[in-house]
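One structure below.
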Protein chains: 2
Amino acid sequence: MWQTPGMAAPRTARAIARAELTQQIKDEALRQLGAAGAGELSLRAISRELGMVSSALYRYFASRDELLTALIIDAYADLADALDAADARFSDPEQATPATPVAEPPTPGARAEPPSPATRAEPPWPGTQAERWAAAAVALRNWALAQPHRYSLLYGTPVPGYRAPMETTVPAERVMTAFFRPLEAVALAGGPAGDVTDAGLNAQLRAAGTLLGPHIAPVRLAAGVAALAQVIGFVTLEIGGHFRGGFEPADALYARAVDVLTGSLGLVD
Amino acid sequence: MWQTPGMAAPRTARAIARAELTQQIKDEALRQLGAAGAGELSLRAISRELGMVSSALYRYFASRDELLTALIIDAYADLADALDAADARFSDPEQATPATPVAEPPTPGARAEPPSPATRAEPPWPGTQAERWAAAAVALRNWALAQPHRYSLLYGTPVPGYRAPMETTVPAERVMTAFFRPLEAVALAGGPAGDVTDAGLNAQLRAAGTLLGPHIAPVRLAAGVAALAQVIGFVTLEIGGHFRGGFEPADALYARAVDVLTGSLGLVD
DNA sequence: TCTCAAACGTGAGCACCGCTCTTGTTTTCT
DNA sequence: AGAAAACAAGAGCGGTGCTCACGTTTGAGA
């Protein structure tokens with residue numbers, strides 16, 4: 001059987017070489033992805049650069065789409081790590097003992113379980129939840145501007161005719177939860193937010209909330225989705241060049257938008 | 001010289017045939033775009049379908065990128081038309097005499113000039129400006145969901161390694177202005193919104209406002225950009241499948257988000 | 001009306017692509 | 001030690017974007 005990302009550390013020499021080469025392929029693919037678009041990614045060029053025959057590459061990735069899927073999964077995990085790191089760095093700039101679990105090794109595929117906040121209240125947090133959410137929003141934009149091609153892989157056009165397989169949904173959710181963690185925290189602290197008038201929407205939000213944050217009331221969950229949409233939309237427009245000639249650089253504008261959003265989320269103290 | 005979209009009606013038989021064939025090429029390209037992704041668009045397949053040799057196609061579009069550019073320009077114009085139509089339909093469901101110029105023929109490349117509202121107040125509008133903005137937001141989502149591949153062409157990943165040329169910026173702006181027209185209307189009606197604390201951002205917004213709406217105060221302009229970003233982000237996430245498993249169908253959620261946005265824009269009566 | 005250049009369609013061809021299959025070698029497991 | 005699995009290599013298939021040389025058609029100016 002082939003090696004899957006979640007497997008234990010390789011033991012045999014062949015497995016080690018395989019893991020090494022697999023990573024080299026992904027690295028080179030990422031390099032080409034940065035130089036051109038996702039459509040230009042060429043398996044032949046990758047194999048050429050790595051000094052192997054093109055057909056040999058198919059022992060590591062069954063197809064071009066499978067390589068892209070691997071890159072997408074890695075990108076989700078990397079982005080989620082960046083968001084977690086921002087959360088931790090915000091919590092304590094010096095030490096590395098954040099309240100949120102972030103020290104876990106970057107094994108993609110492993111999902112960050114919420115620290116069972118069902119019974120007890122959230123552990124004490126040095127900053128406000130508003131600052132926490134803002135830190136995630138800023139971290140996402142920084143990550144996206146630093147490597148736009150990877151961001152486009154995640155939130156841009158679904159590549160050529162490519163449909164995201166199941167394996168990507170789990171790491172994708174890790175990114176979303178990073179933005180709903182502060183909302184869950186204020187909900188546990190006893191936020192008053194209530195239901196939404198639309199009964200159907202209310203039920204839908206309650207159902208969806210069980211994954212993202214079981215204690216977030218529908219009205220706040222809807223606001224959370226809207227806020228996340230604004231963040232994604234802002235970065236997407238900026239990367240897509242739609243802000244050129246007027247709104248660029250967009251740092252100050254983004255900072256203000258995030259500030260307004262944290263207010264609308266009811267994250268004020 | 002080749003025919004450009006803004007030229008007068010063709011006279012000679014050859015020019016007629018050229019315009020016809022050019023449109024057929026774009027139609028077939030759009031058909032293939034819907035069947036697969038933008039990366040799968042094949043000039044050879046198009047020419048094959050049209051019963052011509054592949055090399056003949058290059059008499060009409062110098063390259064694949066040029067074809068894509070033409071499709072993008074058309075898509076922007078079509079979307080802008082849809083937004084204008086929604087505005088007009090909202091204004092008067094029966095007649096075709098809206099306050100906003102929409103009756104102009106769909107000649108792409110022609111830009112909708114604001115009806116010189118500098119001196120006089122905006123003409124009377126049957127509905128509130130909030131309803132007007134909401135109509136645009138809903139129309140954009142409907143247009144996007146009806147033809148996601150075209151939407152992705154505009155606001156998704158910049159295709160393969162493709163960079164939008166100048167020609168696309170003008171029709172792209174037509175879409176943006178549709179969302180800022182209501183803001184300009186309330187600004188002319190004497191809205192009180194003022195400046196933003198950040199001096200640099202304020203200057204930037206004042207400069208950018210001269211194009212989108214000269215009378216929109218910075219604080220409202222910033223809110224307008226944020227609201228547009230949220231709309232784009234919402235639709236992008238929905239089309240990208242990020243709402244699957246929880247937030248889909250997203251009609252009610254979107255309706256609520258738009259409702260909240262119109263309030264944040266200060267478009268209430 | 002005639003002429004000539006521009007526009008046009010055709011087919012061969014180049015370099016690249018994703019992917020498959022066969023062959024022979026190397027590594028691992030039993 | 002022997003069998004089975006993993007691997008690298010090379011040839012090959014059908015597809016792509018794009019170029020070029022070649023004849024034909026068309027339309028505008030002399």
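Residue numbering restarts at 1 for every chain, and letters A, B, ... go by the order of the sequence lines.
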Starting the side chain at C-beta, find the nucleotide from [options] nearest to [X].
{"X": "Arg64(B)", "options": "dC7(D), dC18(D), dC19(C)", "answer": "dC18(D)"}
{"X": "Ser55(B)", "options": "dG27(D), dG11(C), dG18(C)", "answer": "dG11(C)"}
{"X": "Arg14(B)", "options": "dT25(D), dT16(D), dC18(D)", "answer": "dT25(D)"}

Inset, instruction - Using heavy atoms to find the nearest nucleotide of DNA chain D for Arg48(B) and Ala13(B) separately, return the residue whose nucleotide is more 5′. - result: Arg48(B)
Using atom [atom1] of [X] as one end and atom [atom2] of [N] as the other, report the distance to the nearest whole Å.
{"X": "Arg59(A)", "N": "dG10(D)", "atom1": "CZ", "atom2": "C1'", "result": "13 Å"}
{"X": "Phe61(A)", "N": "dC17(C)", "atom1": "CZ", "atom2": "P", "result": "18 Å"}
{"X": "Met52(B)", "N": "dG9(C)", "atom1": "CE", "atom2": "P", "result": "6 Å"}
{"X": "Arg18(B)", "N": "dA6(C)", "atom1": "CZ", "atom2": "P", "result": "15 Å"}
{"X": "Leu43(B)", "N": "dT16(D)", "atom1": "CG", "atom2": "P", "result": "9 Å"}
{"X": "Asp65(A)", "N": "dC17(C)", "atom1": "CG", "atom2": "C1'", "result": "14 Å"}
{"X": "Ile46(B)", "N": "dG15(D)", "atom1": "CD1", "atom2": "C1'", "result": "15 Å"}
{"X": "Glu40(A)", "N": "dT16(D)", "atom1": "CD", "atom2": "P", "result": "16 Å"}

Inset, instruction - Measure up the Phe243(A) and Phe247(A) rings against each other and bin them: parallel (under 30°), tilted (30 to 60°), perpendicular (over 60°). - result: perpendicular
Inset, instruction - Have a look at Leu67(A) and say if it touches a base, only the backbone sugar-phosphate, or nothing, with a 4.0 Å heavy-atom cut-off. - result: nothing
Inset, instruction - Remember a base hit wins even if backbone is also touched, and classify Ser54(B) as base, sugar-phosphate or nothing at under 4.0 Å, heavy atoms. - result: base
Inset, instruction - Walk me through it: do Gln24(B) and Glu20(B) pass the test side-chain hydrogen bond (donor to acceptor under 3.5 Å, both in side chains)? - result: CA-CA 6 Å; Gln24(B) 281 187 12; Glu20(B) 167 73 13; 3.0 Å; yes
Inset, instruction - Give a yes or no on whether a donor-acceptor pair under 3.5 Å exists between the nucleobase atoms of dG15(D), that is its base, and the side chain of Arg44(B). - result: no
Legend entry - Shortest non-hydrogen contact between Ala178(B) and Leu83(B), atoms and distance: CB-CD1, 3.8 Å
Inset, instruction - State, to 0.1 Å, how close Tyr254(A) and Ala137(A) come at their nearest heavy-atom pair, and which atoms those are. - result: OH-O, 2.7 Å
Legend entry - Salt bridge present between Arg174(B) and Asp84(B) (N-O < 4.0 angstrom): yes
Inset, instruction - Examine dA8(D): is either OP1 or OP2 under 4.0 Å from a nitrogen or oxygen in the side chain of Tyr60(A)? Give yes or no. - result: yes
